[in-house]
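Just so it is clear, the structure is predicted and the values come from calculations on it, not from any experiment.
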Amino acid sequence: QVQLVESGGGLVQAGGSLRLSCAASGRTFSSYAMGWFRQAPGKEREFVAVIRWIGGSTNYADSVKGRFTISRDNAKNTVYLQMNGLKPEDTAVYFCGAVRLGRPSMTPDDYSYWGQGTQVTVSS
């Protein structure tokens, strides 16, 4: 059974930092990329960042470039999202997901697996 389990969310002041983790289990993910998305109340789920397990190539949404860093630890089957310089508009539930290589990685509908999400709240 595939499981993606996010952790690390919380409440932080504007300008602060958080590191989210996504622990993956239940299958081999070498043919997948791992993405982070976020969803604020009343809004659609939006792409944040994505990384390939093999090779580690990354891509980011323009809104987080220079502030967020996605990384992975293959030995631990864990993907991270380091978030620095947080802004109130970053407030959302953050989800990690797995998408097969070759499928669009910025479109949530193409993802095969999702975690349950972790809340990030940034106060002004």
Side-chain angles (χ1 to χ4, degrees):
Q1 180 181 359
V2 174
Q3 275 196 311
L4 302 179
V5 180
E6 301 99 332
S7 61
L11 173 64
V12 65
Q13 288 189 333
S17 298
L18 283 173
R19 188 177 81 154
L20 306 183
S21 300
C22 173
S25 62
R27 67 161 298 138
T28 301
F29 287 95
S30 56
S31 59
Y32 285 75
M34 300 297 292
W36 284 99
F37 284 72
R38 64 188 181 187
Q39 189 165 17
K43 295 189 176 182
E44 293 185 352
R45 191 168 296 193
E46 68 169 351
F47 169 76
V48 175
V50 64
I51 188 168
R52 288 191 174 195
W53 281 113
I54 305 300
S57 61
T58 60
N59 194 18
Y60 296 90
D62 288 343
S63 59
V64 306
K65 277 181 183 175
R67 299 189 298 125
F68 292 10
T69 302
I70 189 170
S71 62
R72 89 276 191 232
D73 184 330
N74 289 26
K76 295 182 178 179
N77 255 21
T78 300
V79 175
Y80 303 98
L81 186 68
Q82 177 66 45
M83 306 186 294
N84 299 328
L86 282 162
K87 305 175 181 179
E89 52 263 43
D90 294 317
T91 295
V93 177
Y94 283 69
F95 298 88
C96 74
V99 61
R100 287 184 179 274
L101 294 179
R103 299 197 65 84
S105 59
M106 294 186 284
T107 307
D109 289 348
D110 287 294
Y111 277 64
S112 302
Y113 306 105
W114 289 100
Q116 82 289 350
T118 185
Q119 176 70 47
V120 171
T121 303
V122 185
S123 63
S124 56

Asks: Tell me whether Val79 shares a hydrophobic cluster with Val2, the cluster being built from Ile, Leu, Val, Met, Phe, Trp, Tyr side chains joined at under 4.5 Å.
Replies: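 Same cluster.
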Asks: Verify, without hydrogens or angle tests, whether Tyr111 (side chain) and Ser105 (backbone) share a donor-acceptor contact under 3.5 angstrom.
Replies: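 Yes: the side chain of Tyr111 pairs with the backbone of Ser105.
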Asks: Grab the two heavy atoms, one from Ser112 and one from Arg100, that are nearest each other, plus how far apart they are.
Replies: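 Heavy atoms only, the tightest pair is OG-CG, 4.3 Å.
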Asks: In terms of side-chain geometry, is the basic nitrogen of Asp62 or Lys65 positioned less than 4.0 Å from the acidic oxygen of its partner?
Replies: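 Judged by the 4.0 Å cut-off on N to carboxylate O distance, Asp62 and Lys65 do form a salt bridge.
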Asks: In this structure, are over 12 heavy atoms from other groups packed under 6.0 Å from Arg52 atom CZ?
Replies: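 Check fails, neighbour count at 12 or below.
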Asks: Does the pair Leu4 and Phe95 meet the rule for a side-chain contact (heavy atoms from CB on, under 4.5 Å), with working shown?
Replies: CA-CA 9 Å; Leu4 302 179; Phe95 298 88; over 6 Å; no
Asks: Could you tell me whether the side chain of Arg72 and the main chain of Trp53 form a donor-acceptor pair under 3.5 Å?
Replies: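 At least one qualifying donor-acceptor pair exists.
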Asks: Can a donor-acceptor pair be found, under 3.5 Å and without considering hydrogens, that links the side chain of Glu6 to the backbone of Gly117?
Replies: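 Between the backbone of Gly117 and the side chain of Glu6 there is a qualifying donor-acceptor contact (under 3.5 Å).
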Asks: Give the C-alpha distance, both sets of side-chain angles, the deciding distance and a yes or no for side-chain contact (heavy atoms from CB on, under 4.5 Å) between Met83 and Trp36.
Replies: CA-CA 12 Å; Met83 306 186 294; Trp36 284 99; over 6 Å; no
Asks: Would Leu101 and Ile54 count as a side-chain contact (heavy atoms from CB on, under 4.5 Å) if you check the C-alpha gap in whole Å, the side-chain angles of each, and the deciding distance to 0.1 Å?
Replies: CA-CA 10 Å; Leu101 294 179; Ile54 305 300; over 6 Å; no
Asks: Quick check: is Leu20 connected to Val12 through a chain of hydrophobic side chains (ILVMFWY, heavy atoms under 4.5 Å apart)?
Replies: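 Looking at the clustering, Leu20 is in the same group as Val12.
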Asks: When you measure from the side chain of Thr91 to the backbone of Val122, do you find a donor-acceptor pair of N or O atoms at a distance under 3.5 Å?
Replies: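 Yes, Thr91 side chain to Val122 backbone: donor-acceptor pair under 3.5 Å.
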Asks: Looking at Val99, Asn59, Val50, which hits side-chain contact (heavy atoms from CB on, under 4.5 Å) with Met106?
Replies: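 One option only clears the test, and that one is Asn59.
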Asks: Measuring from atom CD of Gln82 to atom OG of Ser21, what distance do you get when rounded to the nearest 0.5 angstrom?
Replies: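 Gln82 atom CD to Ser21 atom OG measures 9.5 Å (nearest 0.5 Å).
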Asks: So which heavy atom on Asn84 is nearest to which on Ser17, and how close?
Replies: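 Nearest heavy atoms, Asn84 then Ser17: OD1-OG, 2.9 Å.
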Asks: Restricting to non-hydrogen atoms, name the atom on Ser124 and the atom on Ala14 that form the minimum distance, rounded to 0.1 Å.
Replies: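 Closest pair (atom of Ser124, atom of Ala14, distance): CA-CB, 4.4 Å.
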Asks: Can you give me the closest heavy-atom contact between Phe68 and Tyr60, atom names plus distance?
Replies: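 Heavy-atom minimum between the residues: O-CE2, 3.3 Å.
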Asks: Run through Thr69, Thr58, Leu81 and flag the one making a side-chain contact (heavy atoms from CB on, under 4.5 Å) with Ile51.
Replies: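 The single option meeting the side-chain contact (heavy atoms from CB on, under 4.5 Å) with Ile51 is Thr58.
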Asks: With rounding to the nearest 0.5 angstrom, report the OG to CZ distance, Ser63 to Arg38.
Replies: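 The OG atom of Ser63 sits 4.5 Å away from the CZ atom of Arg38.
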Asks: Whether the side chain of Gln39 engages the backbone of Ala92 through a donor-acceptor N/O pair (distance < 3.5 Å, no angle test) should be reported.
Replies: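 Not a single qualifying donor-acceptor pair exists.
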Asks: Hey, what's the ring geometry for Phe37 with Phe47, parallel, tilted or perpendicular (30° and 60° as the breaks)?
Replies: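 Phe37 vs Phe47 ring planes: perpendicular.
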Asks: Output, in order, the C-alpha distance, side-chain angles, deciding distance and verdict of side-chain contact (heavy atoms from CB on, under 4.5 Å) for Ile70 and Met34.
Replies: CA-CA 9 Å; Ile70 189 170; Met34 300 297 292; 5.7 Å; no
Asks: Please answer: with hydrophobic residues joined when any side-chain heavy atoms are less than 4.5 Å apart, are Val64 and Leu86 in the same cluster?
Replies: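 Yes, it is one cluster - the side chains of Val64 and Leu86 are joined through contacts under 4.5 Å.
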Asks: Atom CD in Gln3, atom SG in Cys22: separation rounded to 0.5 Å?
Replies: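 Taking CD in Gln3 and SG in Cys22, the distance rounds to 11.0 Å.
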